[in-house]
Amino acid sequence: MINKEFLKAGHTPTLFAAFFYFDMAFMVWVVLGPLGVQIAADLQLNAAQKGLMVAVPLLAGAVLRVVNGLLVDRIGPKTTGLIGQVVVLAGLLTAWFFGIHSFTQVVLLGVVLGVAGASFAVALPLASRWYPPQYQGIALGIAGAGNSGTVFAALFAPGLAVIFGWTNVLGLAAIPLAVALVVYIILAKDSPNQPPPKKFVEYLAVLREGDAWWFMFFYAVSFGGFSGLASSLTIYFNSEYGLSPVTAGYFTAAAVFAGSLVRPVGGAVADRIGGIRALSIMYIVAAVALAVVSLRLPQAWMALVVFIIGMLALGMGNGSVFQLVPQRFRREIGVMTGLVGMTGGIGGFYLASSLGYSKQLTGSYQLGFLLFAGLAALALLGLTGIKSRWRTTWGASLGLARI
């Protein structure tokens with residue numbers, strides 16, 4: 001865990017800046033989810049449209065993570081992060097000033113918010129490049145704990161929307177984002193150990209590696225489950241159990257807080273027992289939790305307990321995946337963060353949109369949950385099949401680091 005050696009090994013101000021930037025970016029990335037009940041009521045959206053509304057930022061963020069991954073390796077993570085933060089601030093203020101009056105406009109806002117979701121491909125390389133292999137799990141766990149920003153969105157956005165209106169919440173969200181920008185400018189610093197930029201075709205070379213595709217799939221399940229649920233649960237609790245938007249937001253915040261809080265723990269556990277073993281356990285727990293919640297438990301609090309268990313597993317799984325990625329692709333960490341992060345966003349888009357379509361077509365969310373539980377089981381089978389090869393090839397040469 002965190003000790004004197006860890007603090008000496010890297011650059012603590014940059015690690016904090018990466019965390020805070022990531023935290024505020026994730027807050028606005030998923031803000032349409034907690035506001036979804038009020039937005040849907042004003043714009044008269046059906047279940048499928050509600051699912052798509054909260055899923056679009058996840059898909060846009062997924063695609064833009066690849067762009068950011070390339071930019072990180074070309075112009076450095078700090079500059080890439082500055083550009084992204086300015087774009088998101090401009091988008092929020094524009095939406096607040098002119099207002100959102102149609103489903104098309106809210107989808108376009110979702111695309112802009114995707115830039116905030118792409119912060120993942122900046123914050124993690126910014127932190128990772130400062131730390132040696134044996135501290136990658138905890139360093140990236142701390143930086144990645146910025147996904148706790150989703151808690152703030154779920155906790156405060158519905159209540160603020162009741163008081164000020166949901167359009168004004170978009171303007172209010174720009175305030176903490178501006179503070180994060182100032183902190184980032186002052187504290188963040190690119191590591192002196194920056195790999196030289198590659199030609200564009202060289203970035204695609206990692207896609208010829210089977211391991212890259214495995215990591216992309218593993219993260220599509222762990223982070224896809226986390227982000228998809230974070231964006232969907234406010235609407236779910238309102239629709240299934242009749243909770244008010246504010247109460248549904250509180251329930252969502254509790255589940256999301258659990259998942260985001262344990263991401264550093266997942267990285268640290270993976271450092272101790274190996275990422276493969278940690279990730280295997282977490283996929284089992286997540287699959288069971290999603291299968292149980294698909295049954296539509298009779299009370300909202302029962303569903304919340306199961307969601308918290310599932311989010312704990314998914315959050316720790318996120319940390320475990322990124323304990324492994326830098327060990328295998330240290331020189332390509334920028335582009336790999338972008339690619340792996342992209343599939344995580346795609347997984348979230350799939351879960352959020354499939355829940356909406358499941359409700360629209362069948363009247364129940366069950367099919368959407370069961371299909372994603374099946375993906376978690378499939379990820380477990382894949383990890384079981386490749387773990388011996390990983391441990392006897394690249395994993396055997398890591399010295400102090402464990403996989």
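Keep in mind the model is a prediction, meaning the values are calculated, not measured. The figures here come from the full heavy-atom set of this structure, side chains too, leaving out hydrogens, waters and symmetry mates.
Note on ring orientation: taking the six-membered ring where Trp is involved, the planes of Tyr283 and Phe218 are tilted (angle from 30° to 60°). By the 30° and 60° cut-offs, the orientation of the rings of Tyr365 relative to Phe369 is tilted. The aromatic rings of Phe237 and Phe251 lie perpendicular to each other, with more than 60° between the two planes, well past the 30° mark. In this structure, Phe120 and Phe223 have tilted ring planes: the angle between them lies in the 30° to 60° band.
Across all their heavy atoms, Arg389 and Asp211 have their closest contact at NH2-OD1, 2.7 Å. The two residues Ala376 and Ala287 come nearest to each other via the heavy atoms CB-CB, 3.8 Å. A pairwise comparison of heavy atoms in Lys78 and Leu126 identifies N-CD1, 4.3 Å as the closest pair.
Centroid-to-centroid, the aromatic rings of Tyr219 and Phe215 stay 6.0 Å apart or farther. Note: Trp213 and Phe217 fail the aromatic proximity criterion, with ring centroids not under 6.0 Å apart. Residues Phe26 and Tyr21 keep their aromatic ring centres 6.0 Å or farther apart.
To the nearest 0.5 Å, atom CZ of residue Phe19 and atom CD1 of residue Ile142 are 9.5 Å apart. Summarising the geometry, atom CD1 belonging to Ile100 is positioned 8.5 Å from atom CG belonging to Leu43; distances are rounded to the nearest 0.5 Å.
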Q: Under the side-chain contact (heavy atoms from CB on, under 4.5 Å) rule, what do Phe20 and Leu187 come out as? Steps first, then yes or no, please.
A: CA-CA 11 Å; Phe20 189 44; Leu187 296 183; over 6 Å; no

Q | side-chain contact (heavy atoms from CB on, under 4.5 Å) between Tyr250 and Leu243, intermediate numbers included | A | CA-CA 10 Å; Tyr250 290 155; Leu243 302 185; over 6 Å; no

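The closest side-chain heavy-atom distance from Thr343 to Leu339 is not below 4.5 Å. Contact check for Glu240 versus Lys359: side-chain heavy atoms found under the 4.5 Å cut-off. For the pair Leu58/Tyr350, no side-chain contact is recorded, criterion being any heavy-atom separation below 4.5 Å from C-beta on.
Ion pairing of Asp73 with Arg129 is present here, as a side-chain N (NZ or NE/NH1/NH2) and a carboxylate O approach within less than 4.0 Å.
In summary, the side chains of Thr80 and Asn68 do not present any donor paired with an acceptor at a separation below 3.5 Å, with no hydrogens or angles considered.
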